[in-house]
Engineer: 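Would you mind keeping the following structure in view while I ask a few things?
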Amino acid sequence: DNDALPDLDGLRGLTEVTGALEIDRSDALSNISGLSSLSTVGGDFEIHANWALESLGGLSSLSTVEGTLTVRNNVVLPTLSGLESLTHIGHDLDIGHNDVLMDLNGLDGLTHVNGDVTISENNALTSLHGLSNLLEVNGTLQVFQCESLLSTEGLSSLRNVSTPDHSGGLWFNGNDALISLDGLDSLTTVDEVFIFNNVALTSAAGFPALTTVHTEFAITYNDVLIDL
């Protein structure tokens with residue numbers, strides 16, 4: 001809530017935050033290049049509601065977030081580029097309400113997320129490219145109300161979406177432009193699958209390697225679906 005703050009240049013020497021880091025509602029902040037030395041956040045890292053933020057380029061050294069990484073409500077942020085060094089998220093990944101975000105490029109270093117992955121209400125998002133190296137989600141991967149998303153391409157390496165108590169799962173809900181589930185070719189194991197209310201979805205034949213569903217597989221309320 002620092003409405004006039006233009007930059008974070010006074011933090012250029014910062015390499016580690018052992019607790020949480022929040023960049024929240026700083027209306028004049030257009031970049032975070034002052035965090036260029038930051039490599040580790042020991043708790044949650046939230047980038048939220050910064051109306052002028054146009055780039056995450058200042059996070060080029062960030063490799064580890066031990067808690068949840070949240071990027072939400074940054075209405076002019078077009079890309080996640082700048083996060084390419086990020087290889088570890090200890091809890092959840094939440095990308096939502098970023099109105100001009102078109103893809104997930106910048107997350108290419110992630111192979112595992114030890115919690116949920118939520119991609120929601122990014123109205124310009126057309127693809128999930130950027131998650132192409134993601135192998136495993138130890139939680140739920142949910143993509144909902146991304147009204148421009150055309151397919152699930154970008155998840156081609158994903159093999160496992162599950163938790164030890166089988167409470168994880170794969171959810172695609174209310175993505176109005178989604179026509180295909182192509183791109184889930186490597187998925188073998190999931191706790192549950194829910195595909196519903198995707199009004200343009202014509203084909204759900206996107207699970208050629210799937211061998212195990214631990215609890216429930218539901219595909220419903222997809223009005224023009226013709227192919228499983």
Engineer: If you compare all heavy atoms of Leu135 against all heavy atoms of Ser157, which two are closest, and at what distance to 0.1 Å?
Structural biologist: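 That would be CD2-O, 3.6 Å.
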Engineer: Quick one: closest heavy-atom pair of Pro78 and Glu54, and the distance?
Structural biologist: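 In this case the closest contact between Pro78 and Glu54 is CD-O, 3.3 Å.
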Engineer: If you compare all heavy atoms of Val199 against all heavy atoms of Asp176, which two are closest, and at what distance to 0.1 Å?
Structural biologist: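 Taking Val199 first and Asp176 second, the nearest heavy atoms are CG2-O, 3.6 Å.
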Engineer: With heavy-atom distances below 4.5 Å as the criterion, would you say the side chains of Leu80 and Asn105 are in contact?
Structural biologist: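 Not touching, per the 4.5 Å side-chain cut-off.
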Engineer: Enumerate, atom names and distances included, each donor-acceptor pair closer than 3.5 Å involving a side-chain atom of residues 177-196, sequence neighbours excluded.
Structural biologist:
unit_1, atom_1, unit_2, atom_2, d
Ser180, OG, Asp182, N, 2.9
Ser180, OG, Asp182, OD1, 3.2
Ser180, OG, Asp182, OD2, 3.1
Ser186, OG, Ser156, O, 2.6
Thr188, OG1, Arg159, O, 3.2
Asp191, OD1, His166, ND1, 3.2
Asp191, OD1, His214, ND1, 2.8
Asp191, OD2, Thr163, N, 2.9
Asp191, OD2, Ser167, N, 3.3
Asp191, OD2, Gly168, N, 2.9
Glu192, OE2, Trp171, NE1, 3.2

Engineer: For residues 45-77, which residue pairs pass the ring pair (Phe, Tyr, Trp, His ring centres under 6.0 Å) check, not counting sequence neighbours?
Structural biologist: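 Residue pairs with at least one partner in residues 45-77: there are none.
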Engineer: Can any side-chain N or O of Asn98 pair as donor or acceptor with the backbone N or O of Gly96 at less than 3.5 Å?
Structural biologist: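 Yes: the side chain of Asn98 pairs with the backbone of Gly96.
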Engineer: When rounded to the nearest 0.5 angstrom, what is the spacing between CZ in Arg25 and CG in Asn73?
Structural biologist: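 If we round to the nearest 0.5 Å, Arg25:CZ and Asn73:CG are 7.5 Å apart.
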Engineer: Whether the Ser120 and Gln145 side chains hold a donor-acceptor pair (N or O, under 3.5 Å, no angle test) is what I'd like checked.
Structural biologist: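 No, because no side-chain N or O of Ser120 sits under 3.5 Å from a partner of the opposite role on Gln145.
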Engineer: Roughly how far, to the nearest 0.5 Å, is CG of Asp44 from CD1 of Ile89?
Structural biologist: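 If we round to the nearest 0.5 Å, Ile89:CD1 and Asp44:CG are 11.0 Å apart.
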Engineer: Using the test side-chain hydrogen bond (donor to acceptor under 3.5 Å, both in side chains), find all partners of Asn175 that sit at least two apart in sequence or belong to another chain.
Structural biologist: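 side-chain hydrogen bond (donor to acceptor under 3.5 Å, both in side chains) list for Asn175, sorted by chain: Asn198.
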Engineer: Partners of Asp94 by salt bridge (charged side-chain N to carboxylate O under 4.0 Å, His left out), sequence neighbours excluded?
Structural biologist: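 Partners of Asp94 under the salt bridge (charged side-chain N to carboxylate O under 4.0 Å, His left out) test: Arg72.
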Engineer: Not counting sequence neighbours, which residues clear side-chain hydrogen bond (donor to acceptor under 3.5 Å, both in side chains) with His129? List them please.
Structural biologist: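 His129: no side-chain hydrogen bond (donor to acceptor under 3.5 Å, both in side chains) contacts found.
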Engineer: Between CG of Leu83 and CG of Leu59, what distance do you get to the nearest 0.5 Å?
Structural biologist: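 It comes to 5.5 Å.
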Engineer: List the atom pairs, donor and acceptor, that lie under 3.5 Å between side-chain atoms in residues 11-20 and the rest of the protein, sequence neighbours left out.
Structural biologist:
unit_1, atom_1, unit_2, atom_2, d
Arg12, NH1, Ser33, O, 3.2
Arg12, NH2, Asp9, OD1, 3.2

Engineer: Quick test of your reading: applying salt bridge (Lys or Arg N to Asp or Glu O under 4.0 Å), list the pairs with at least one residue in residues 102-121, sequence neighbours left out, ordered by first then second residue.
Structural biologist: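 Non-adjacent pairs meeting salt bridge (Lys or Arg N to Asp or Glu O under 4.0 Å): zero.
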Engineer: Can you list the steps and then say if Leu77 with Val71 is a side-chain contact (heavy atoms from CB on, under 4.5 Å)?
Structural biologist: CA-CA 10 Å; Leu77 184 69; Val71 183; 3.9 Å; yes
Engineer: Could you note down all residue pairs passing ring pair (Phe, Tyr, Trp, His ring centres under 6.0 Å) where residues 67-116 supplies at least one of them, sequence neighbours left out?
Structural biologist: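 Listed once each, the pairs would be none.
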Engineer: For the atom pair CG (Asn138) and CG (Asn114), what is the distance rounded to the nearest 0.5 Å?
Structural biologist: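 Going from the CG atom of Asn138 to the CG atom of Asn114 covers 5.0 Å.
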Engineer: Residues two or more places apart in sequence or in another chain: which of them pass side-chain hydrogen bond (donor to acceptor under 3.5 Å, both in side chains) with Ser162?
Structural biologist: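 Partners of Ser162 by the side-chain hydrogen bond (donor to acceptor under 3.5 Å, both in side chains) criterion, ordered by chain and then number, come out as Asn160.
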Engineer: Nearest 0.5 angstrom please: Leu131 CG to Ile119 CD1, how far?
Structural biologist: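 One gets 6.0 Å once the value is rounded to the nearest 0.5 Å.
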Engineer: Identify, with sequence neighbours excluded, every residue that meets side-chain hydrogen bond (donor to acceptor under 3.5 Å, both in side chains) alongside Asn50.
Structural biologist: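 Applying side-chain hydrogen bond (donor to acceptor under 3.5 Å, both in side chains) to Asn50 gives Asn74.
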Engineer: Given 3.5 Å as the limit, does a donor-acceptor pair link the side chain of Ser61 with the main chain of Ser39, or not?
Structural biologist: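 No.
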Engineer: Take Leu158 and Val137 through the side-chain contact (heavy atoms from CB on, under 4.5 Å) test and state the conclusion after the steps.
Structural biologist: CA-CA 8 Å; Leu158 186 65; Val137 174; 4.2 Å; yes
Engineer: Could you measure the distance from the CG atom of Leu21 to the CG atom of Leu35? Nearest 0.5 Å is fine.
Structural biologist: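 Separation between the atoms: 6.5 Å.
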